Every structure is written in structure tokens, then in C-alpha cells.
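Beneath this line is the structure, given in C-alpha cells, with notes to follow.
Along the sequence shown, residues carry numbers from 1. These figures come from a predicted structure and were not determined experimentally.
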Amino acid sequence: MNQEIASVTKFASENLAQTSNGESSSRPFFKVDKRGVWFHGFNQQGEVLSPLWICSPLHVPAKSRDAHNGEWGYLLAFDDADGKPKRWAMPASMLAGDGTPYRAMLLSMGLQIAPSAQAKNQLTVYIQTQQTDMRVRCTERIGWHDNVYVLPDRTIGENGEMVLFQATGDVTSQFKQRGTLKQWREEVAALCQGNARMVFCVSAGFAAPLLHHAGIASGGFHLWGDSSSGKSTAVRVAGSVYGGKDYPRNWRMTDNALEMTAVQHSDALLILDEIAQVDPKVVGDTVYMLANETGKGRATQTATARRVATWRLLFLSDGEVSLAHHMGEAGKSIKGGHDVRMAHIGADAGKGLGIYDTLHGFSDGATLSNHLMSMIEQYHGTAGMAFLEWAVARSASLSADLRQCVTELTRDMLPTDSHGQVARVAARFALVGMAGEMATEVGITGWPAGEAAQAARVCFAAWLEGRGGAGNVEHTSIIRQVQGFLQAHGDARFVWWHRALDDRKQNTVNRAGFKRMLTKEGIAISSNADHHRAYGDRMLLDGAEDTELEYFVLPEVFNNEICKGYSPKMVKKLLMDRNLLVTEGKGDKVRADRNERLPGLGNTRCYRFSSKIMSAEA
């Protein structure tokens, strides 16, 4: 691909030595020589003016446009002051106005531009008037485009038509290489071996470009735990698959910036460091946005719809807190969709070494982490490029092979009768495991066969344990929320049924309902007399341990507090299915609430919780 651009640039250089439009020199024209681009003009009397130097040698070998024949632009090629070749697919829209943005970009890339106003204006004219029949396809999104993989500074593979990255902003690529693949394999990957979470994070880098071929939707993983657990090292080592220390990004950015970052990491691994730095009010929506592969719809200054940003990626997050805890700081609750889109993995491997299972001879985890951070500074980016080149070469047959392997590993990991949410997440874990195996098979990681697949199993098991099993996570969250409400407010906001009309009853502020004792025989204690008959003048410890409680919750409290964040209809159905509500009616006319004669309130509709509610498994 680079050779093709070089040949076109040479052709342009030879021909631009003539007048740009092939007409006689009685009209203004541009000429390019080894010193740069020159403008040859005339005054109003037709007299020849001295040639005006515009800029250092600059060629326009092709025009660009997107897949819909929109977003036209110009392919600009030149050498900087050190002789390093540069190219930029510049959007034509940047020529609108005074052209300051595009000139600033060219200057930052190393093109020398004359400072005069006339030279600046003539540079715009020069770019727009260069005639070329060559066309290239442009895109603002990196990643797969048919069977080629587009990066900001290069395109891997050929598709009959050149495909280039085109952007109005900074074109500096975060995909950087330093050292050799052998050095990365021996000094970085080798120290990950035997450490399941480290192997998994690195394998996620290889899995990201395979999402499309595997038919798996975007999503992520969140590595969380204590600050000294080594999670930050793990995500940075994962970043070394594609780049250096500036490859990982920070959670703390605006919606616009995050959308652009996602586009620039499409079909690649996006690393987001320290989740606590993002606003807890929006972090849940941000997780949904990243996994749903589209940004927000916005309008242009002319009130027309702006093109919505799209991407496809795996993201790897880290932090000291979980998403549920962070959202809880803003009074928000986690949904099942959050759990599916960003699976949590505890950073502690349980071996007393933080994230590590083995230290490879180092004295402690901190020493190993410091060594790894030093190594990824020196060796990075080569593994990702080698894997992308392999994937492009195998793109025609990659989907069938990959999907079969992912399906088999998913089936192997899934517990019996797993919920559909669990199956979706298991497929993502399996993709990471199989991507690591493929990278191993082609000699990139140096790990033994089976290492990456086993790491995926270990991390999936950690996620499954953390979520409380293979059931529906929303159902688990609802049961826990109900139990948590009754535990938190059982003493302060629930009136003892048998003491409700007693002049010695405790003053209850913001009453949520009533609570009633049941003896071990299941007899309800509805009055002081009942209490005295069952327990005498004083309840002994043995009698208290045998006592159960049932709760009667008022409708407003049930709908607005117990069901907060969930559909009351869904909560009622779940509680009824689990026999945790004492219902009213039968068959099609069964109701979740009941008409109860509550002390001091008379006949009142309320929700009567079974005494089994506190012992129910979430």
C-alpha cells in the first residue's frame, strides 16, 4: 500500500513541474521542485510576477471519499524536515473558511508553509486545483473495512481499492511499536504465564479485533479491587499489545471525547483507567453507550442531523470500586444490562499475592509489577501488529473457525440451566480465551497451549461467583434490594403489630408498615395477650430464636422505595413466583396485594411478605 502511494506521489511530482492545467503560461499556475511549491502569477497588466514560494514540496496524489461517496477530501503527501514521509487524508470541509485548522495540522506534521497571507491563500487554491484521476476510500473509524484493517497511519491488507483513515483532528496514532516481538514475548508475555488474570487481560487485546468475525457484540470487563492489588499493572500490560504508556485512556472525559476515543479504538482494545473518576450519575449510561456501539444523536449548526458515531470494541476497565458501588453514590442501582455489558472480575487471585498466582522468582507482587511496567516501556505494540497481519491474511476463513471454537469453550464453561444473560457474557469470555490461544498458536505469546483458555475459565468463574450464580442478575438484585430495605428499616419504620395500639408503643417516624411475630408453630402474635400466652412475662433467648417475622408494607412504600429502579410489575411477579408474598385471590384473579385489617388503619390494601423473605436465596 505504501509503495502504491509512493509511486503515485512520484508521478505527481514529475507532472506538477509543468503548469497544473496544461495551458500556456499566460495564466497563473503552480510548479513543484525540490525546494517546494511555487506560485507563478501576473499583475493586472499581464506582467509576470516573481515566483511566490508557498510551502515545502507537497503533492496531492489522490482524492478521497467515503463508502457513500460523501465526505470528500484530498490525500496529501510530503516529507518533513527530517526526510520522514508523511501522508494525510484531509477532509475537503477543512478548506472552508480561512483554512487555519488544516494549515495548523500540516505545520504540526512537519510541512513548511510561507507566513504571508497571499501564500496561505494560494496553498488552498493549489490543493483544490490539482488534477488527479486516482481515488481512495476514506473512513473516520479505524478497524475492519471489508477484509482490510485501517489504522491511523497505515492500512493492513488490500481490497482492490486503497482505504485510508481520514480525520479533521489529530492524526497521531496511539498504535506505536518499540522493540521486537521476540523481546515483548520474552520480557512481558513470559511473566504473565501462570497468572490467570494477567493472561486474560493480554488475551483481551487479541480478542478485540475478532468481535466481528465471532459475531459477538461489544462489551467489556472491569477489574476491581484494592489499590495495591496490581490491577493497574494488568491493564497496562494489556495495552502493551498495541502501544506504549499513552495507549490506556482515562474514564474521566466528556461524552464527545469518549465517542471519539471509541471510534479511534474500534475493532481494538479500549482501556479505561480508574472508574471512580467518572461522574457516578452518568457512568451507567456510559457503559451502555460503549457496549451499544453508537454515540448520541446530535444536530449540526444548520439543524440537520449529524452523523452518529459508531464503533465495535472490547473495553477493559479498572478501579477500586465496582460499578454498582459507584452508581450507588448517586442513588442509582445497577441493572442486569450493566452486568451483561461490563463483567466484573475481582483483581485478587486469592493466593495472597494480589492479582498474581505466581511471582516468577520476584520477591513480591510490587517488585514484579514494577519490573513489568519497566519492560512495557521498552517493548510494546509489536504483538498487536503481528496479530492483525495474521488476522487479515486469514480473514476469509477466520469467522467459521473462530465461531466453532468459541461455541465449544462457551458450552464447556456454562453451568447447567444458566440464564441467557450468563450465556452472552460467557461467549465474550470464551472469545478472549480463544483469541489468546490463536495468538499462541502463531507464535506471538510464547505461552503453552491451553494457557489462555484456562485463564478465561478462571476469570469467568470469578465473575460468576461475584454476581451470585448463573441466574438472572436482575432477579438477584431485586431480592437483595427487598431484603436490604427490610434489614435497614425493620426496627425504625415498622410498627410491632401487637403493640400498635399500646400506649407504650415506640414512636415510628415515616412509617413503612407493620411487622408481626409468628411462633415456631406459625401462630401470629396479634395482641399483647397473644404475646403473653406464647412467651410469658419475658421472652427468653430460645423463644426469640424460634420466632419469625412477616412484614406488611404500605403500597406507596412498596412502589416508590422497595421497587426503586425496577418495574413494580416485575418485582411483584418475581416475589409471587418465589412465594415470598402472601397473595389474595386465585387463578387469573390472584393479586400481589391484600386487603388486611391493619391495627389503627382498618381495612387497607398492603403487601404481606412471607416470613421466608429474609432467608430467601437471591
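Other residues, nucleotides and ligands contribute only 12 or fewer heavy atoms inside 6.0 Å of the CG atom of D226. Within a 6.0 Å sphere centred on CE of M260, other residues, nucleotides and ligands contribute 12 heavy atoms or fewer. Other residues, nucleotides and ligands place more than 12 heavy atoms under 6.0 Å from the CZ atom of R403. Heavy atoms of other residues, nucleotides or ligands lying less than 6.0 angstrom from CD of Q404 number 12 at most. Within 6.0 Å of atom CG in D577, more than 12 heavy atoms from other residues, nucleotides or ligands are found, so the atom counts as buried in its surroundings.
Residues K564 and Q481 have side chains in contact (heavy-atom distance under 4.5 Å, counting atoms from C-beta outward). Taking 4.5 Å as the limit, every side-chain heavy atom of T604 sits out of range of all side-chain heavy atoms of E596. In this structure the side chain of F609 reaches within 4.5 angstrom of the side chain of L575, judged on heavy atoms. Here the side chains of I562 and V553 are in contact, with some heavy-atom distance below 4.5 Å. Residues I345 and F429 meet the side-chain proximity criterion, which asks for heavy atoms closer than 4.5 Å. Side-chain contact between F460 and L414 is present, with at least one heavy-atom pair separated by less than 4.5 Å. Contact of the R594 side chain with the T583 side chain is not registered, since no non-hydrogen atoms from C-beta on lie closer than 4.5 Å. For the pair L368/L191, a side-chain contact is recorded, criterion being any heavy-atom separation below 4.5 Å from C-beta on.
Residue pairs meeting the ring-ring contact (aromatic ring centres under 6.0 Å, His included) criterion with at least one member in residues 565-602: none, sequence neighbours excluded.
With a 6.0 Å cutoff to the six-membered ring centre and a 45° limit on the axis angle, R516 does not count as a cation-pi contact of F552. Judged by the 6.0 Å distance and 45° axis criteria, K515 is positioned over the aromatic ring of W496.
Within the model, atoms CD1 of I525 and CG of L549 stand 11.0 Å from one another, a figure rounded to the nearest 0.5 Å. Taking CG of L580 as the start and CD1 of I478 as the end, the distance is 11.5 Å to the nearest 0.5 Å. A distance of 8.5 Å separates CD of Q193 from OG1 of T445, quoted to the nearest 0.5 Å. Taking CD1 of I216 as the start and OG1 of T410 as the end, the distance is 6.5 Å to the nearest 0.5 Å.
Summarising the geometry of E451 relative to E437, their closest heavy-atom pair is N-OE2, 3.2 Å, with the distance given to 0.1 Å. Of all heavy-atom pairs between N528 and R499, the closest is OD1-CD, 3.1 Å. Taking both residues in full, the closest heavy atoms of P209 and Y242 are given as CG-OH, 3.1 Å, listed atom of the first, atom of the second, then distance. When all heavy atoms are compared, the tightest approach of R493 to N510 is NE-O, 2.8 Å. In this structure, I355 and K231 approach most closely via the heavy-atom pair CD1-CA, 4.0 Å. Of all heavy-atom pairs between M413 and A426, the closest is CE-O, 3.3 Å.
In this model, no donor atom of one side chain and acceptor atom of the other lie less than 3.5 Å apart for W311 and S218. Between N250 and Q277, the side chains place a donor N or O and an acceptor N or O closer than 3.5 Å (distance only, hydrogens not considered). Between the side chains of N370 and T367, no donor N or O sits under 3.5 Å from an acceptor N or O.
The aromatic rings of F362 and H371 sit tilted, their planes meeting at an angle between 30° and 60°. Taking the six-membered ring for Trp and thresholds of 30 and 60 degrees, F494 and F485 have ring planes more than 60 degrees apart, a perpendicular arrangement.
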All N/O donor-acceptor pairs, side-chain side in residues 198-208, below 3.5 Å, sequence neighbours left out:
residue, atom, partner, partner atom, Å
S203, OG, V199, O, 2.8

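Put simply, the side chain of K281 never gets that close to the backbone of K332: no donor and acceptor are under 3.5 Å apart. In this structure, the side chain of H338 engages the main chain of K335 through a donor-acceptor pair within 3.5 Å.
Using a cut-off of 4.0 Å between Lys/Arg side-chain N and Asp/Glu carboxylate O, R252 and E274 are scored as not salt-bridged. Using a cutoff of 4.0 Å between basic side-chain nitrogens and carboxylate oxygens, E584 and R608 are not scored as salt-bridged.
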